[in-house]
Amino acid sequence: MTEKHKKYDHIKIEKKWRKKWARSKTYRTNEDSKKPKYYVLDMFPYLSGEGLHVGHPKGYIATDIVSRYKRMNGYLVLHPMGFDAFGLPAENYALKTKIHPEKAVRDNVARFKEQLEMFGFDYDWSREVNTSDPAYYKWTQWIFLQMFKKGLAYQSYEPINWCPSCKTGLANEDLEGGRCERCGTPVEKKPMRQWMLKITDYADRLLSDLDLKDSTGKALLDWPEYIKESQRNWIGRSEGAEIEFRLSLSKKRRFVLIHGFEGSVKTNFFPWLKRELEKQGHEVEVPELPNSLHPRESEQVEYVLKNCHFDEQTVVVGHSLGAIVAIKAIMKLNRHISGLVLVAPAVDPRFHQADSRPFSKDFNWDFDYGRVQTLTDGKIAVLSDTQEKFRMPYLKNLSQQLSARLVETKSSEEHFCAEEEPEILKAVTPSIAVFTTRPDTIFGATYLVLAPEHPWVQIILPYLENKEEIKGYISLAKNQTDIERSDVSKEKTGVELKGIKAINPANNEEIPVWIADYVLPDYGTGAIMAVPAHDHRDWEFAKKYHLPIKDVVIPTVTDHTNPPRADKTTKTRRNVHAIVYNPARKAYLTLKWKKFPWNTVVLGGIEDGETALEAAIREIREETGFVDLEFKKILGGPVEAKYFATHKDENRTAITTGVYFEMKSEKKVDVSEEERKAYDIVWKDPKDFIPEKMTNSELPFWLERIAKENQDFTGNGILIDSMDFNGKDSQFARKDITKFVSGHWVTKYKLRDWVFSRQRYWGEPIPLIHCEKCGIVPVPEKNLPVKLPKVKHYEPTGTGESPLAAMDKWVNVKCPKCGGSGKRETNTMPQWAGSSWYYLRYIDPKNKKRPVDSAKEKYWSPIDLYVGGAEHATRHLIYARFWHKFLLDIGVVSLPEPFKKLQNVGLIMGADNRKMGKRFGNIVNPEDVIKKHGADTLRVHEMFMGPFDQETAWDDSSIVGSRRFVERVWRLGSVVSTTPSPQMKYSLMPQTSTKPFPLGETRSPFVRLSAKSGDWLPPAETADVKFVQKILHKTIKKVSEDIQAMRFNTAISSMMISLNQLEKSQSLTRKEYEIFLKLLAPFAPHITEELWISLGNKDSVHVSAWPEYEPILAVDEEMMIAVQVNGKVRGSFKAMTDTNQDQLKESAQQLPEISKWISGKTIVKVIVIPKRLVNIVISDYN
RNA sequence: GCCGCGGUGGCGGAAUUGGCAGACGCACACGACUCAAAAUCGUGCGGAGUAAUCCAUGAGAGUUCGAUUCUCUCCCGCGGCACCA
């Protein structure tokens, strides 16, 4: 034994090689290569200040293995690393330790790097990025500005999620079940000024691009399905209809419609509008104004005042010049009216063509705005037509003067001149838009529910009878946290808006309107039509408040054992099924028909004027005589069943209602002879009372409803009570019904815009300036980056202002546009900003002109492999995809998706199977493990623990297996490269195994290869040489495939198997040993390098060529063939792989252990599976 | 509730166009070496049974010559979404 192989000193070896690699820049990625590229990336760590535990590097080990493998296969590999240094985790750590975040980050980076380096990773540190480095965040700010310029960044004042503990606003993505993801505090809703990013503009692409295909039709994104699924859930696309429900005030109104210049009661929308309003029961007056072609103010106003009746129920509608007449008339009234609607009012003499019109001089254009306001109680609406742009400024001015609601809308024909103008109808009888995915159930909509926050509630409030109750409910709803509100299990609450009704546009029925907190303000339209018969939530609500439930969709079933026949006529009948349970017998009442092989429940038709319940009681009495029954429940709405009624020789479409009874006693009355002959009464045990043993195809529905509390049917079926749509399949009627009620088909998303500002110090300053004159002005690009100023106090204020706001010197700047005084935006960006594009910066980390050079971006894109934790599924990975798509749109990048293959790391749990972390005190420190066993051992072990993407608990004892493996590789090296000595025990022991070697060769002990080191014998063509070759070729194949598929555990297992075999070889050559070292090199880089170099190699094993295998040599020539008799293994024999099937059959049957099973038996057939087994099937097998 | 994934020895886990279940490793037991221990090497190791053999991949059914693998029903665990209309 030579000195250098005496002992495997991992500490010394690992330290030595890390130093050498760093000095010789072994892993530097130089771009001037003609090689194919491979970009492999880890999700970079964020600096929370907590130390590393053994779970953190698991993903880094994997990328290290893959990158080394690819490098050895001739790829130019980019494998960079950096740090996510901005954001809450880093800042909170700084606050806790009272170290300034900048210094804390610097220290943490240094420590982190030190720890990473202990693993011997092959990162190219010359490309390191740090999101808090001004040279980096200059470009983060730059990207933000591009978004701002494209209108994707905007300010909002809507209430947002506020974490009272972190003292900052949060994005939806930062929540976990209504709590702050970082600290677990329940979030509050707080209205404040926010910067938002319009990620919703990209919702559609973010969703559909998940399924992009490459040119061969394969999925472009090789991602775990569940990550894609999470993103789909998060984006939450759903299609449905937006439908208007008109509101009708319960008190009827009177309308006065006043036409304009050259108008008449017979032209434009007047006849139509009159008709529509009268339909709703309102009174309508349409005065025909005198001298319509040459109108004079006094004449027309007086006419109106004289001929029309004005009272507190009167709403005045004026069109064009008629609007002016209306205003003037109201000014002269001495009583209040109900409201005023001005449709495209001709409000100013300077308007279009006015000078040429005869009335421009005759009319007086001064208005007593205050008086009009008073007399209408401020209930004034101004309708503008967006097609008439020139009129807009006047209308804006008018509505301001009158404090009126300005409704910008598109008329059917310019200036509201069409015969039908639905927008006017909407304005005079306001409507609520609802969103529904089930417009097919609209005939069953029995009430409307608005979110308490719905803006209409405030508008309608003055008209309502129970104002105080409603105000109370709204404030109650507002004070709830998200967690309280979204508690599904809690009982639903709500209040009816009394004094108002909605009109179901499908059947013009009046339905009540409620507010309830189970309707969310920010999804859909914030209002729903409630269909209690076909929606769980509506059902619960309706039950509680005794609202009507109307079935309009019924389940449908075709009896496949007895289907309708094409040549027979079809009859539709209303039926009843009586399900009768007898508790005394613990059995169900059924009828066994004598003429037919049927078992049915008691059933029959429902006669005219009879209810289902009456029919059921009658049928039970007629058919069985039983009369002492307790009615339990109607089993929901009817079920439609199609079948052939044999006894009537016709097809039936039965609309059947189920009724459920329990029997109190078997008291009975006489049954007619006829009935008695037809069937026997049979009591069926509940386990036999199942669809398979009964002849009622509706039975599954009855059973479900007996068991279930809720009786809503949410599936698809056949429409009933839906007028022209009766009998249609609900699924296919959706779009037609939407059209029928003048709704339109829309797409909605759950995804919300990204709340992009944080009221904290440690983040990228948002590069905008608020100027008194110019509004919001972007910081000119040449002035980027806007550096985060150094401050003494960076504690969050909690006021909704960032700590930066207190820094007058920094805040007050000159406006870049006008030079006037301006103030900097003091909010900072969220943690996820910098990480949304960092992968691009590695490609070109030092570029001062652009975020990334286009040519370089084209060369390296996309990222071939991206490895990280699944916790980023709906945050980082959505944000990064969003930014990437935006960068594609502005030409910075060239591909729609950044990450081609995504691989998730399964967590390493603590020994107690809980998440490893401080709070459970179950952290295993990698430094300790490395000190004890070495980095190579830890790397091998973490990869061997189980499937890479699966979580596994750390087990301190099992790591010795990996250590033994590494050490045995070391000792095998000493045997190969040195003279064997008699003292050496390892594997030179006589073989005591009783098992034959795979090839069955007898092996003589104590035979070794060459004598002197460096003096190699040429491989002899012996069985042993072949044996070693076979092992190696198989292993090369397996390890290569497994690394590419990230099955590291089985790759290591195959190397262990291989090592077990190689140790038994008596003629292992240096070449063969080197192959083994190469296979292991990506996993255990230090020890393999040491052994490789000690064998006399000059260059690093890590830049050597990956071994290739011969497919022929990787396959066994001989195999054990298992022999089965009737599928049970009874023996086996050895055969050459290419032995033909007949021979295999023959040999199998001749085996002594087989003949014992088959002698005297009839062989039915023999099945041969090449290379695997022979199965002999005998018929008389006991 | 909806969607996705999974359930195999004492433990981590192998095994897929359906073909010998438990590879590899840990733990354990025995043996060799040693004065002894550790390390190392060898042997054994799902359960029952002396054995032949039988039973066994969450439970039950089905398809098949043959099922951990395919189909159906159910149970349990994990993950995502969740009063999203």
Side-chain angles (χ1 to χ4, degrees), chain A residues 177 224-234 236-238 240 434-438 441 449 485-490 492 516-520 522-531 534-538 540-541 710 714 748-751 870-871 873-874 941 944-947 949-962 964-965 967-968 971 985-995 1047 1049-1050 1052-1060 1063 1120-1132 1156 1164-1178 1181:
Chain A
E225 195 44 47
Y226 73 100
I227 298 279
K228 289 189 188 176
E229 201 54 37
S230 293
Q231 296 213 349
R232 287 189 197 108
N233 276 340
W234 190 259
R237 181 191 149 102
S238 54
V434 305
F435 174 68
T436 175
T437 54
R438 291 293 304 272
T441 63
V449 190
R485 180 150 183 179
S486 62
D487 180 4
V488 190
S489 59
K490 108 187 157 185
K492 293 185 174 28
D517 66 358
Y518 81 93
V519 174
L520 304 175
D522 53 359
Y523 184 75
T525 60
I528 60 157
M529 63 178 207
V531 186
H534 306 293
D535 181 279
H536 292 301
R537 298 151 298 182
D538 300 343
E540 277 177 25
F541 194 76
N710 282 23
T714 54
K748 298 276 180 195
Y749 298 93
K750 285 196 291 192
L751 184 73
E871 68 272 19
T874 50
H941 183 61
F944 185 59
M945 280 171 73
D949 57 355
Q950 192 180 298
E951 67 174 46
T952 329
W954 180 265
D955 172 16
D956 257 329
S957 62
S958 62
I959 190 169
V960 302
S962 303
R964 283 176 195 150
F965 167 66
E967 224 161 322
R968 276 162 61 201
R971 284 201 304 273
K985 285 166 200 149
Y986 129 84
S987 97
L988 304 180
M989 301 276 300
Q991 294 294 339
T992 52
S993 169
T994 50
K995 277 194 178 171
R1047 291 187 301 247
N1049 57 330
T1050 49
I1052 291 167
S1053 148
S1054 77
M1055 284 189 282
M1056 286 173 169
I1057 294 169
S1058 164
L1059 179 66
N1060 289 346
E1063 281 175 341
M1120 291 302 285
I1121 304 292
V1123 183
Q1124 298 182 331
V1125 178
N1126 280 17
K1128 299 217 150 122
V1129 181
R1130 299 300 181 191
S1132 64
K1156 142 175 135 192
V1164 181
K1165 61 175 157 178
V1166 180
I1167 292 150
V1168 180
I1169 307 297
K1171 298 181 200 174
R1172 297 217 184 252
L1173 61 71
V1174 178
N1175 187 11
I1176 300 161
V1177 185
I1178 54 176
Y1181 179 69

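Letters A, B, ... are given to chains in the order of the sequence lines, protein chains preceding strands, and every chain is numbered from 1. What you see below is based on every heavy atom in this structure, not just the backbone, and it leaves out hydrogens, waters and symmetry mates.
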Asker: With a non-hydrogen cut-off below 4.0 angstrom, is A:Met1055 in contact with a base, only sugar-phosphate, or nothing?
Answerer: nothing
Asker: Distance between the P atoms of B:rG49 and B:rC2, in whole angstroms?
Answerer: 46 Å
Asker: Once you apply a heavy-atom cut-off of 4.0 Å, does A:Ser962 come out as touching a base, just sugar-phosphate, or nothing?
Answerer: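 No contact at all - A:Ser962 keeps every heavy atom at 4.0 Å or more from the nucleic acid.
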Asker: Which residue in the set A:Val1168, A:Ile1167, A:Ile1169 passes side-chain contact (heavy atoms from CB on, under 4.5 Å) when paired with A:Asn1175?
Answerer: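 The single option meeting the side-chain contact (heavy atoms from CB on, under 4.5 Å) with A:Asn1175 is A:Ile1167.
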Asker: Given B:rU40, is OP1 or OP2 found less than 4.0 Å from the side-chain N or O atoms of A:Arg964?
Answerer: yes
Asker: A:Asp538 near the nucleic acid: base, sugar-phosphate alone, or nothing, with a heavy-atom cut-off under 4.0 Å?
Answerer: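 A:Asp538: no heavy atom of the nucleic acid under 4.0 Å.
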Asker: Can you list everything that forms a side-chain hydrogen bond (donor to acceptor under 3.5 Å, both in side chains) with A:Lys750? Sequence neighbours excluded, please.
Answerer: none
Asker: Considering only the P atoms, how many Å lie between B:rG44 and B:rG25, rounded to the nearest integer?
Answerer: 13 Å
Asker: Using the P atom as the point on both nucleotides, what is the distance between B:rG9 and B:rA59, in whole Å?
Answerer: 10 Å
Asker: Using a cut-off of strictly less than 4.0 Å, decide whether A:Tyr523 has a side-chain nitrogen or oxygen near OP1 or OP2 of B:rA85.
Answerer: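 The answer is yes; a side-chain N or O of A:Tyr523 sits under 4.0 Å from OP1 or OP2.
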Asker: Is the phosphate of B:rC24, meaning OP1 or OP2, less than 4.0 Å from a side-chain N or O of A:Ser1054?
Answerer: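 False: A:Ser1054 side-chain N/O out of range (4.0 Å or more) of B:rC24 OP1/OP2.
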Asker: Using a cut-off of strictly less than 4.0 Å, decide whether A:Lys1128 has a side-chain nitrogen or oxygen near OP1 or OP2 of B:rC55.
Answerer: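 Indeed, a polar side-chain atom of A:Lys1128 lies that close.
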Asker: OP1 or OP2 of B:rG79 sitting under 4.0 Å from any side-chain N/O of A:Asn233?
Answerer: no
Asker: In whole angstrom, give the distance that lies between atom CZ of A:Arg968 and atom C1' of B:rG42.
Answerer: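 Spelled out: CZ on A:Arg968 to C1' on B:rG42 is 13 Å.
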Asker: Separation of A:Gln231 atom CD from B:rA82 atom C1', in whole Å?
Answerer: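 Spelled out: CD on A:Gln231 to C1' on B:rA82 is 18 Å.
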Asker: When you get a sec, tell me which of B:rC55, B:rC83, B:rC26 is the closest nucleotide to the side chain of A:Ser958?
Answerer: B:rC26
Asker: Determine the interatomic distance between C1' on B:rA27 and the same-named atom on B:rU17; round to the nearest Å.
Answerer: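 Straight-line distance between the two C1' atoms is 38 Å.
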Asker: Which nucleotide wins on minimum distance to the side chain of A:Trp234, given the candidates B:rA21, B:rC81, B:rA85?
Answerer: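 So the nucleotide nearest the side chain must be B:rC81.
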Asker: Considering only B:rA23, B:rG19, B:rA85, which nucleotide approaches the side chain of A:Ile1057 most closely?
Answerer: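 Of the candidates, B:rA23 comes closest.
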Asker: Between protein and nucleic acid, restricted to nucleotides 63-67 of chain B and to nitrogen or oxygen atoms under 3.5 Å apart, what atom pairs and distances do you find?
Answerer:
| unit_1 | atom_1 | unit_2 | atom_2 | d |
| --- | --- | --- | --- | --- |
| B:rC65 | O2 | A:Asn1175 | ND2 | 2.4 |

Asker: Consider the side chain of A:Val488, meaning its heavy atoms from C-beta on, and name the nucleotide among B:rC26, B:rA85, B:rA82 that approaches it most closely.
Answerer: B:rA82
Asker: Given the P atoms of B:rA23 and B:rG31, what is the spacing between them in whole Å?
Answerer: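 These two P atoms come out 24 Å apart once rounded.
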Asker: Using nucleotides 13-17 of chain B, report all nitrogen or oxygen pairs with the protein that are shorter than 3.5 Å.
Answerer:
| unit_1 | atom_1 | unit_2 | atom_2 | d |
| --- | --- | --- | --- | --- |
| B:rG13 | OP1 | A:Gln950 | NE2 | 2.5 |
| B:rA14 | OP1 | A:Asn1049 | ND2 | 3.1 |

Asker: Between B:rC83 and B:rG19, how far apart are the two P atoms, rounded to whole Å?
Answerer: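 That atom pair is separated by 45 Å.
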Asker: From the set B:rC83, B:rG25, B:rC81, return the single nucleotide nearest to any side-chain atom of A:Ser486.
Answerer: B:rC83
Asker: In chain order, what residues pass the side-chain hydrogen bond (donor to acceptor under 3.5 Å, both in side chains) check against A:Ser486, with sequence neighbours excluded?
Answerer: none
Asker: Using the P atoms only, state how far B:rC5 lies from B:rA51, rounded to an integer number of Å.
Answerer: 44 Å
Asker: What interatomic distance, in whole Å, is found between P of B:rA39 and the corresponding atom of B:rC26?
Answerer: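 To the nearest whole Å, 12 Å.
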Asker: Would you say A:Ile528 and A:Asp535 make side-chain contact, with heavy atoms under 4.5 Å?
Answerer: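 No, too far: nothing below the 4.5 Å cut-off.
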Asker: Base, sugar-phosphate or nothing for A:Glu229? Non-hydrogen atoms, less than 4.0 Å.
Answerer: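 Answer is sugar-phosphate: A:Glu229 comes under 4.0 Å of backbone atoms only.
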Asker: Counting any heavy atom closer than 4.0 Å, what does A:Val449 reach on the DNA or RNA strands: base, sugar-phosphate only, or nothing?
Answerer: nothing
Asker: According to a 3.5 Å limit on both distances, what stems of 3 or more consecutive Watson-Crick or G-U pairs are formed with RNA chain B?
Answerer: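 Runs of three or more consecutive pairs: B:1-7 with B:75-81, B:10-12 with B:24-26, B:28-32 with B:40-44, B:46-48 with B:53-55, B:58-62 with B:70-74.
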Asker: So if I take every side-chain heavy atom of A:Lys490 and compare against B:rC81, B:rC83, B:rA85, which nucleotide ends up nearest?
Answerer: B:rC83
Asker: Just the atom pairs and distances: protein N or O near nucleotides 46-49 of chain B's N or O, under 3.5 Å.
Answerer:
none

Asker: Check this for me, if you would: do A:Glu229 and A:Arg232 make a salt bridge, where the nitrogen-to-carboxylate-oxygen distance has to be below 4.0 angstrom?
Answerer: yes
Asker: Report the relative orientation of the aromatic rings in A:Tyr523 and A:Phe435; use parallel for angles under 30°, tilted for 30 to 60°, perpendicular for over 60°.
Answerer: perpendicular
